[in-house]
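Written below as C-alpha coordinates is the structure these notes are about.
Note that ligands are numbered from 1 as they come in the structure, with each ligand's atoms numbered from 1 the same way. What you are looking at is a predicted structure, and each value in this text was computed from that prediction instead of being measured.
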Amino acid sequence: MNKKNLILGLTGSVATIKAVPLLDLLTEKFNVTIVATDASYKFISQEEKISLESKAKVYTDKDEWEHVDIKSRQALHIELRKWADCLLIAPCSANTLAKIANGLADNLLTSIIRAWDYNDKSMFIAPAMNTMMWDNPFTKLHLNTMKEISKNVFIIDPIAKKLFCGDIGMGAMAEIKDIAFIVQLSCYNPH
Ligand SMILES: CC(C)(CO)[C@@H](O)C(=O)NCCC(=O)N/C=C\S
(Lines give C-alpha, C1' and ligand atoms only; values in the text may rest on other atoms or scores of the structure.)
Protein backbone atom coordinates (compact mmCIF):
# COMPACT_ATOMS: atom_id res chain seq x y z
CA MET A 1 0.00 0.00 0.00
CA ASN A 2 1.48 3.35 -0.81
CA LYS A 3 1.44 5.30 2.41
CA LYS A 4 -0.23 8.67 2.70
CA ASN A 5 1.80 11.73 3.67
CA LEU A 6 1.24 13.01 7.21
CA ILE A 7 2.62 16.12 8.87
CA LEU A 8 3.04 15.66 12.65
CA GLY A 9 3.06 19.05 14.35
CA LEU A 10 4.82 19.18 17.75
CA THR A 11 4.11 22.17 20.01
CA GLY A 12 5.10 23.49 23.43
CA SER A 13 3.08 21.17 25.61
CA VAL A 14 4.87 18.78 27.93
CA ALA A 15 3.03 15.96 26.12
CA THR A 16 5.66 16.38 23.39
CA ILE A 17 7.66 13.96 25.56
CA LYS A 18 5.51 11.29 23.84
CA ALA A 19 6.74 12.27 20.36
CA VAL A 20 9.11 9.31 19.84
CA PRO A 21 6.61 6.52 20.63
CA LEU A 22 3.87 8.40 18.76
CA LEU A 23 6.07 8.69 15.68
CA ASP A 24 6.85 4.94 15.85
CA LEU A 25 3.11 4.21 15.66
CA LEU A 26 2.46 6.73 12.88
CA THR A 27 5.31 5.62 10.60
CA GLU A 28 3.66 2.18 10.36
CA LYS A 29 0.89 3.73 8.27
CA PHE A 30 2.21 7.05 7.00
CA ASN A 31 5.17 8.82 5.46
CA VAL A 32 5.68 11.29 8.30
CA THR A 33 7.26 14.73 8.24
CA ILE A 34 7.62 16.45 11.62
CA VAL A 35 7.17 20.20 12.01
CA ALA A 36 8.34 21.20 15.48
CA THR A 37 7.73 24.63 16.95
CA ASP A 38 10.60 26.28 18.83
CA ALA A 39 8.68 25.79 22.10
CA SER A 40 8.33 22.04 21.47
CA TYR A 41 12.10 21.73 21.57
CA LYS A 42 11.97 22.49 25.29
CA PHE A 43 10.59 18.95 25.65
CA ILE A 44 12.79 17.07 23.17
CA SER A 45 16.16 15.80 24.38
CA GLN A 46 19.15 15.51 22.03
CA GLU A 47 18.72 11.71 21.98
CA GLU A 48 15.02 12.06 21.18
CA LYS A 49 15.85 14.51 18.38
CA ILE A 50 18.20 11.93 16.85
CA SER A 51 15.57 9.22 17.26
CA LEU A 52 12.90 11.37 15.58
CA GLU A 53 15.28 12.23 12.72
CA SER A 54 15.99 8.54 12.18
CA LYS A 55 12.34 8.01 11.20
CA ALA A 56 11.17 11.33 9.79
CA LYS A 57 12.35 14.60 8.33
CA VAL A 58 12.17 17.15 11.14
CA TYR A 59 11.60 20.79 10.17
CA THR A 60 11.82 23.77 12.51
CA ASP A 61 11.29 27.49 11.94
CA LYS A 62 14.92 28.09 10.98
CA ASP A 63 14.46 25.72 8.01
CA GLU A 64 11.91 28.13 6.55
CA TRP A 65 14.37 31.00 6.61
CA GLU A 66 17.51 29.07 5.71
CA HIS A 67 15.71 27.71 2.64
CA VAL A 68 14.57 31.10 1.37
CA ASP A 69 15.89 30.82 -2.13
CA ILE A 70 14.25 33.54 -4.18
CA LYS A 71 15.48 31.92 -7.41
CA SER A 72 13.69 28.66 -6.64
CA ARG A 73 10.64 30.69 -5.73
CA GLN A 74 9.68 28.04 -3.20
CA ALA A 75 8.37 28.60 0.31
CA LEU A 76 8.83 25.68 2.69
CA HIS A 77 5.43 26.07 4.36
CA ILE A 78 3.71 25.97 0.95
CA GLU A 79 5.76 22.96 -0.22
CA LEU A 80 4.89 21.07 2.95
CA ARG A 81 1.20 21.99 2.66
CA LYS A 82 1.18 20.60 -0.89
CA TRP A 83 3.08 17.42 0.17
CA ALA A 84 0.74 16.50 3.02
CA ASP A 85 -2.43 14.43 2.69
CA CYS A 86 -3.35 15.12 6.33
CA LEU A 87 -1.98 16.88 9.37
CA LEU A 88 -1.91 15.95 13.08
CA ILE A 89 -1.03 18.39 15.84
CA ALA A 90 -0.15 16.17 18.81
CA PRO A 91 0.20 17.66 21.29
CA CYS A 92 -1.61 20.89 20.47
CA SER A 93 -0.73 23.43 23.14
CA ALA A 94 -3.18 26.10 24.33
CA ASN A 95 -1.00 28.69 22.58
CA THR A 96 -0.95 26.94 19.20
CA LEU A 97 -4.69 26.26 19.44
CA ALA A 98 -5.30 29.98 20.05
CA LYS A 99 -3.08 30.95 17.13
CA ILE A 100 -4.65 28.63 14.56
CA ALA A 101 -8.18 29.52 15.71
CA ASN A 102 -7.33 33.15 14.95
CA GLY A 103 -5.50 32.58 11.69
CA LEU A 104 -2.07 33.53 13.00
CA ALA A 105 0.90 32.40 10.92
CA ASP A 106 3.93 33.28 13.00
CA ASN A 107 5.97 30.09 12.57
CA LEU A 108 6.39 27.19 10.16
CA LEU A 109 3.60 25.05 11.67
CA THR A 110 0.98 27.80 11.89
CA SER A 111 1.92 29.00 8.38
CA ILE A 112 1.27 25.51 6.99
CA ILE A 113 -2.08 25.48 8.81
CA ARG A 114 -2.91 29.00 7.62
CA ALA A 115 -2.49 27.72 4.05
CA TRP A 116 -4.32 24.43 4.73
CA ASP A 117 -6.80 22.99 2.20
CA TYR A 118 -9.70 22.15 4.53
CA ASN A 119 -11.89 20.95 1.64
CA ASP A 120 -9.70 18.01 0.71
CA LYS A 121 -7.34 17.37 3.60
CA SER A 122 -8.13 16.28 7.16
CA MET A 123 -6.65 17.97 10.19
CA PHE A 124 -6.44 16.25 13.59
CA ILE A 125 -5.93 18.27 16.78
CA ALA A 126 -4.93 16.54 20.03
CA PRO A 127 -5.00 19.25 22.72
CA ALA A 128 -2.80 18.79 25.80
CA MET A 129 -2.67 21.33 28.61
CA ASN A 130 -3.07 21.75 32.34
CA THR A 131 -6.64 21.35 33.60
CA MET A 132 -6.79 25.04 34.48
CA MET A 133 -6.03 25.90 30.87
CA TRP A 134 -8.42 23.23 29.58
CA ASP A 135 -11.27 24.64 31.71
CA ASN A 136 -10.57 28.23 30.59
CA PRO A 137 -13.37 29.61 28.32
CA PHE A 138 -10.93 30.24 25.47
CA THR A 139 -10.38 26.49 24.99
CA LYS A 140 -14.02 25.80 24.08
CA LEU A 141 -14.16 28.97 21.99
CA HIS A 142 -11.08 28.04 19.98
CA LEU A 143 -12.03 24.36 19.56
CA ASN A 144 -15.52 25.36 18.35
CA THR A 145 -13.95 27.80 15.90
CA MET A 146 -11.78 25.04 14.44
CA LYS A 147 -14.78 22.70 14.15
CA GLU A 148 -16.82 25.43 12.45
CA ILE A 149 -14.08 26.01 9.89
CA SER A 150 -14.47 22.57 8.36
CA LYS A 151 -15.99 19.11 8.80
CA ASN A 152 -12.47 17.87 8.04
CA VAL A 153 -11.19 19.12 11.39
CA PHE A 154 -11.19 16.39 14.07
CA ILE A 155 -10.55 17.13 17.74
CA ILE A 156 -9.00 14.19 19.60
CA ASP A 157 -10.11 15.09 23.12
CA PRO A 158 -7.68 14.98 26.03
CA ILE A 159 -8.25 12.58 28.90
CA ALA A 160 -8.29 12.92 32.68
CA LYS A 161 -5.24 11.53 34.39
CA LYS A 162 -2.23 12.59 36.45
CA LEU A 163 -0.69 15.61 34.76
CA PHE A 164 3.00 16.50 34.54
CA CYS A 165 2.75 18.78 37.57
CA GLY A 166 0.98 16.17 39.69
CA ASP A 167 -2.55 17.55 39.33
CA ILE A 168 -5.19 14.98 38.48
CA GLY A 169 -7.68 16.19 35.88
CA MET A 170 -8.62 16.80 32.25
CA GLY A 171 -5.97 17.96 29.85
CA ALA A 172 -3.66 14.99 29.39
CA MET A 173 -3.11 14.18 25.72
CA ALA A 174 -5.14 11.23 24.46
CA GLU A 175 -3.28 7.92 24.50
CA ILE A 176 -0.92 7.70 21.53
CA LYS A 177 -2.41 4.40 20.33
CA ASP A 178 -5.85 6.02 20.17
CA ILE A 179 -4.44 9.05 18.34
CA ALA A 180 -2.68 6.83 15.78
CA PHE A 181 -5.82 4.71 15.29
CA ILE A 182 -8.15 7.70 14.78
CA VAL A 183 -5.78 9.41 12.32
CA GLN A 184 -5.23 6.24 10.29
CA LEU A 185 -8.95 5.39 10.24
CA SER A 186 -10.06 8.87 9.16
CA CYS A 187 -7.20 9.63 6.78
CA TYR A 188 -7.55 6.36 4.85
CA ASN A 189 -11.34 6.33 4.97
CA PRO A 190 -12.43 9.90 4.38
CA HIS A 191 -16.18 10.12 4.89
C1 LIG B 1 2.73 14.68 30.27
C2 LIG B 1 1.78 13.56 30.00
C3 LIG B 1 1.87 13.13 28.55
C4 LIG B 1 2.19 12.37 30.88
O5 LIG B 1 1.27 11.32 30.71
C6 LIG B 1 0.34 13.95 30.35
O7 LIG B 1 0.27 14.30 31.71
C8 LIG B 1 -0.11 15.13 29.50
O9 LIG B 1 -0.44 14.98 28.33
N10 LIG B 1 -0.08 16.34 30.08
C11 LIG B 1 -0.41 17.51 29.34
C12 LIG B 1 -0.87 18.54 30.28
C13 LIG B 1 0.18 18.88 31.32
O14 LIG B 1 0.65 18.00 32.01
N15 LIG B 1 0.52 20.19 31.40
C16 LIG B 1 1.51 20.79 32.19
C17 LIG B 1 1.49 20.96 33.51
S18 LIG B 1 0.33 20.21 34.50
Exercise. Looking at L10 and L109, what are the two nearest heavy atoms and their distance?
Worked result: O-CD2, 4.4 Å
Exercise. Of the options F181, W116, F154, which is the one that meets F124 in a ring-ring contact (aromatic ring centres under 6.0 Å, His included)?
Worked result: F154
For this session: Please say whether I17 places an N or O atom under 3.5 Å from an N or O atom belonging to ligand 1.
Result: no
Exercise. Strictly under 4.0 Å, does any heavy atom of D167 approach an atom of ligand 1?
Worked result: no
Exercise. What is the closest protein heavy atom to atom 13 (C) of ligand 1, and at what distance does it sit?
Worked result: V14 CG1, 3.5 Å
Exercise. Looking only at protein heavy atoms, which one is nearest to atom 14 (O) of ligand 1, and how far off is it?
Worked result: F164 N, 3.0 Å
Problem set entry | Heavy-atom closest pair, residues A126 and A90 | CB-CB, 3.9 Å
Exercise. Short list, please: which atoms of ligand 1 are under 4.0 Å from a heavy atom of G171?
Worked result: 11 (C), 12 (C)
Problem set entry | Heavy-atom closest pair, residues G169 and L163 | O-CD2, 3.9 Å
For this session: For A172, counting its heavy atoms only, list the atoms of ligand 1 lying under 4.0 Å from any of them.
Result: 6 (C), 8 (C), 9 (O), 10 (N)
Exercise. Taking only heavy atoms of K161, which atoms of ligand 1 are found under 4.0 Å from at least one of them?
Worked result: 5 (O)
Problem set entry | Among K162, M173, K18, M133, closest by any non-hydrogen atom to atom 7 (O) of ligand 1 | K162
Exercise. Are any of the side-chain nitrogens in E175 or K161 under 4.0 Å away from the carboxylate oxygens of its partner?
Worked result: yes
Exercise. Do you see a protein non-hydrogen atom under 4.0 Å from atom 2 (C) of ligand 1?
Worked result: no
Problem set entry | Sub-4.0 Å atoms of ligand 1 with respect to non-hydrogen atoms of C165 | 17 (C), 18 (S)
For this session: Kindly state whether the ring of F30 and the ring of Y188 have centres lying under 6.0 angstrom apart.
Result: yes
Exercise. Looking at K57, K49, K55, which one forms a salt bridge (charged side-chain N to carboxylate O under 4.0 Å, His left out) with E53?
Worked result: K49
